[in-house]
Amino acid sequence: MKILVLNGPNLNLLGIREPALYGKADYRALVARVKAHAKDKGVKVKIRQSNYEGDLVTAIQKARGRYDGLILNAAAYTHTSVAILDALKGVGLPTVEVHLTDIAQREEFRHLSYVSLYTPHLVKGEGIDGYLHAMDILIDLIGQLK
Ligand code: DQA
């Protein structure tokens, strides 16, 4: 089983960026925890981050046929990107949306998620642990499809 974890803009600033909201652990710590969890679960994982919407769209397109599922934190593009929604619909891979914070409890402009218009599977407000939780959900989802 191969899983792609895609992270959107500013997530590379973890640890520096608004630590009261996003925590003190940095992006390298997130990557290490995701990789360790994948190893424990016996799945292959690739983790990518981009600040560019088009890169994320291309990564979703290229995931078709290469990965069994996606874990996606589109960050700010969650709330704006019809292009990411269209790419998800176009490719049709099982996807779990993840957010470090609880977007439903934050500013109103964060309440709309275009990613949620594609997938009902959402983990929010669990910090980095949420990525591990999302991976468990995705592994179950992919298992049900096989
Ligand atoms: C985020 C929430 C988004 O609203 C925000 O723009 C981010 C991070 C989260 O992980 O909590 O960049 O996706």
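Note that ligands are numbered from 1 as they come in the structure, with each ligand's atoms numbered from 1 the same way.
Under 4.0 Å from ligand 1, not a single heavy atom of Lys124 appears. Contact annotation for Arg17 and ligand 1: only side-chain heavy atoms (C-beta onward) come within less than 4.0 Å of the ligand. For Asn10, no heavy-atom contact with ligand 1 is shorter than 4.0 Å.
Salt bridge present: Lys124 and Asp102 bring a charged side-chain N and a carboxylate O closer than 4.0 Å.
When hydrogens are left out, the protein atom nearest atom 11 (O) of ligand 1 is Thr101 OG1, 2.6 Å; that is the closest non-hydrogen contact. At the shortest separation from atom 2 (C) of ligand 1 among protein heavy atoms lies Ile103 CG2, 3.7 Å. At the top of the distance list for atom 4 (O) of ligand 1, counting protein heavy atoms only, stands His79 NE2, 2.7 Å.
Side-chain N/O atoms of Glu53 and Asn51 include no donor and acceptor closer than 3.5 Å.
With His99, Glu18, Glu97 as candidates, the residue nearest to atom 1 (C) of ligand 1 on a non-hydrogen basis is His99.
The shortest N or O to N or O distance between Leu11 and ligand 1 is not under 3.5 Å. For the pair Arg110 and ligand 1, the shortest N or O to N or O distance falls below 3.5 Å. The distance criterion of under 3.5 Å between nitrogen or oxygen atoms is met by Leu100 with respect to ligand 1.
Here the OG1 atom belonging to Thr119 is positioned 9.5 Å from the CG atom belonging to Leu72, to the nearest 0.5 angstrom.
Under a 4.0 angstrom heavy-atom cut-off, Thr78 registers as lying outside contact with ligand 1.
Stacking of Lys2 on the aromatic ring of Tyr67 is recorded, both the 6.0 Å distance cut-off and the 45° axial limit being met.
You'll find the side chain of Asp68 stays beyond 4.5 Å of the side chain of Leu4, heavy atoms only.
Of the options Leu88, Asp86, Ile84, a side-chain contact (heavy atoms from CB on, under 4.5 Å) to Val57 is made by Ile84 and by none of the others.
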*asked:* Tyr131 vs Asn7, test: side chain to side chain donor-acceptor pair (under 3.5 Å). Steps then yes/no.
replied: CA-CA 11 Å; Tyr131 283 78; Asn7 284 311; 2.6 Å; yes
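Counting heavy atoms of neighbouring residues, nucleotides and ligands inside a 6.0 Å radius, atom CZ of Arg28 does not exceed 12 of them.
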